[in-house]
There are 2 protein chains.
Amino acid sequence: MSERGRGPDLSRGEFGLLILGLVGRREMYGYEIVAQLRATTDGVVDLPEGTVYPALRRLERDGLIAGRWVEMAEGTPRRRYYRLTTAGEHALAVGREEWLRFKAAADSVLGS
Amino acid sequence: MSERGRGPDLSRGEFGLLILGLVGRREMYGYEIVAQLRATTDGVVDLPEGTVYPALRRLERDGLIAGRWVEMAEGTPRRRYYRLTTAGEHALAVGREEWLRFKAAADSVLGS
DNA sequence: TCTAGATACCTAGAGGCTCTAGGTCAAGGC
DNA sequence: GCCTTGACCTAGAGCCTCTAGGTATCTAGA
């Protein structure tokens with residue numbers, strides 16, 4: 001087994017890894033992820049909802065995160081909270097290392 | 001004017017910026033760029049020709065690089081050498097800064 | 001009152017990129 | 001005779017982001 005669906009690759013412009021990074025800290029819901037991403041990165045990463053929600057569905061489909069619906073108080077919209085699965089924790093660890101390698105590689109080309 | 005074709009964005013998985021980085025060092029041809037990219041990054045960035053040649057055409061179309069054909073010796077294939085244009089130098093400078101910002105942003109999310 | 005914004009979810013389709021999987025042609029090694 | 005190397009090229013698949021909407025409720029402001 002293994003080598004099945006290699007997980008999100010930041011170096012190829014896939015922001016799924018950043019979502020894994022946030023969800024790895026604590027359970028989080030989509031709308032919150034959008035805001036946290038913007039806040040944590042000082043606005044540098046500012047993904048529209050049309051990017052984040054489909055990405056969450058892919059990550060869940062691929063078994064890297066697991067979601068559950070949480071009903072909120074009267075008239076407040078319900079939320080879908082996500083947490084990392086074991087596969088997601090692994091993908092995050094792998095992704096972090098790939099990111100380190102890619103950073104060094106790009107820096108060596110760009111001379112930073 | 002300006003704000004026309006913002007140049008390649010590494011954070012979105014566009015490798016054009018890495019090509020600009022190499023060509024910015026010295027005049028280079030496609031086949032050489034493929035090899036240099038692999039060598040410089042220790043194999044981490046290993047783009048197939050089917051990625052690099054179309055990227056070179058886009059960069060040239062967008063006025064960031066300029067190419068010229070160089071005939072080689074008897075029976076050796078000719079090469080198309082590329083150099084940065086002024087716009088390309090600017091795009092490289094902008095891209096480098098964006099890359100620095102994105103690196104910091106991703107690190108702050110991934111906690112590296 | 002009416003509008004706008006925030007909260008929270010969703011989707012269809014366009015656009016644009018990488019990558020696969022080929023192809024061309026000549027020289028040189030085995 | 002065949003494979004590898006050098007050097008270029010392309011069509012199409014695949015996949016992702018992003019645009020531009022939509023739903024629904026509540027609150028604030030003009």
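Because the structure is a prediction, the values reported are computed rather than measured. The sequence lines fix the lettering, A, B, ..., with proteins before strands; numbering per chain opens at 1.
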Heavy-atom closest contact (B:Ala106 atom, A:Leu10 atom, distance): CB-CD2, 4.0 Å

Gap between atoms CD and P, on B:Glu14 and D:dC16 respectively (whole Å): 16 Å

Nearest non-hydrogen partners of B:Gly63 and B:Thr85, listed with the distance: O-OG1, 2.6 Å

Selected nucleotide, minimal atom distance to A:Trp69 side chain, candidates D:dG6, C:dC10, D:dC18: C:dC10

Below 4.0 Å: OP1/OP2 of D:dT25 and any side-chain N or O of A:Arg78: no

5′-ward residue of the pair A:Pro54/A:Thr76 relative to DNA chain D: A:Pro54

Heavy-atom check, side chain of A:Lys103 versus side chain of B:Asp107, under 4.5 Å: yes

Separation of atom CE in A:Met28 from atom P in C:dC9, rounded to whole Å: 13 Å

Side-chain N,O (A:Arg12) to OP1/OP2 (C:dC19) below 4.0 Å: yes

Touch class at under 4.0 angstrom, heavy-atom based, for A:Arg58 against every strand present: base

Salt-bridge contact B:Arg58-B:Glu14 (side-chain N to carboxylate O under 4.0 Å): no

Nearest-angstrom distance from the residue atom CD1 of B:Ile19 to P of C:dC17: 12 Å

Length of the CZ-P vector between A:Arg38 and D:dC18, whole Å: 13 Å

Rounded distance (Å) that lies between atom P of D:dT17 and atom CD1 of A:Ile33: 13 Å

N or O in side chain of B:Arg79 less than 4.0 angstrom from D:dA7 OP1/OP2: yes

N or O in side chain of B:Tyr29 less than 4.0 angstrom from D:dA7 OP1/OP2: yes

Nearest-angstrom distance from the residue atom CG of B:Leu56 to P of D:dA7: 14 Å

From A:Glu60, A:Glu71, A:Glu32, residue fulfilling salt bridge (Lys or Arg N to Asp or Glu O under 4.0 Å) relative to A:Arg80: A:Glu60

Selection from D:dC18, C:dC19, D:dG6 that lies nearest to any side-chain heavy atom of B:Tyr31: D:dG6

Touch class at under 4.0 angstrom, heavy-atom based, for B:Glu32 against every strand present: nothing

Upstream residue (5' side of DNA chain C) when A:Tyr82 and B:Leu47 are each assigned their closest nucleotide: A:Tyr82

Sugar-phosphate, base or nothing in reach of A:Gly50, heavy atoms under 4.0 Å: base

Nearest-0.5 Å distance that lies between atom CG in A:Leu56 and atom CD1 in A:Ile65: 5.0 Å

Position toward the 5' end of DNA chain C (nearest nucleotide), B:Asp62 or B:Glu49: B:Asp62

B:Leu59 CG to C:dG16 C1', straight-line distance once rounded to whole Å: 14 Å

B:Tyr53 vs A:Arg61, nearer the 5' end of DNA chain D by closest nucleotide: B:Tyr53

Separation of C:dT18 C1' from B:Arg57 CZ (nearest whole Å): 17 Å

Closest nucleotide among D:dT19, D:dT17, C:dA8 to the A:Thr51 side chain: D:dT17

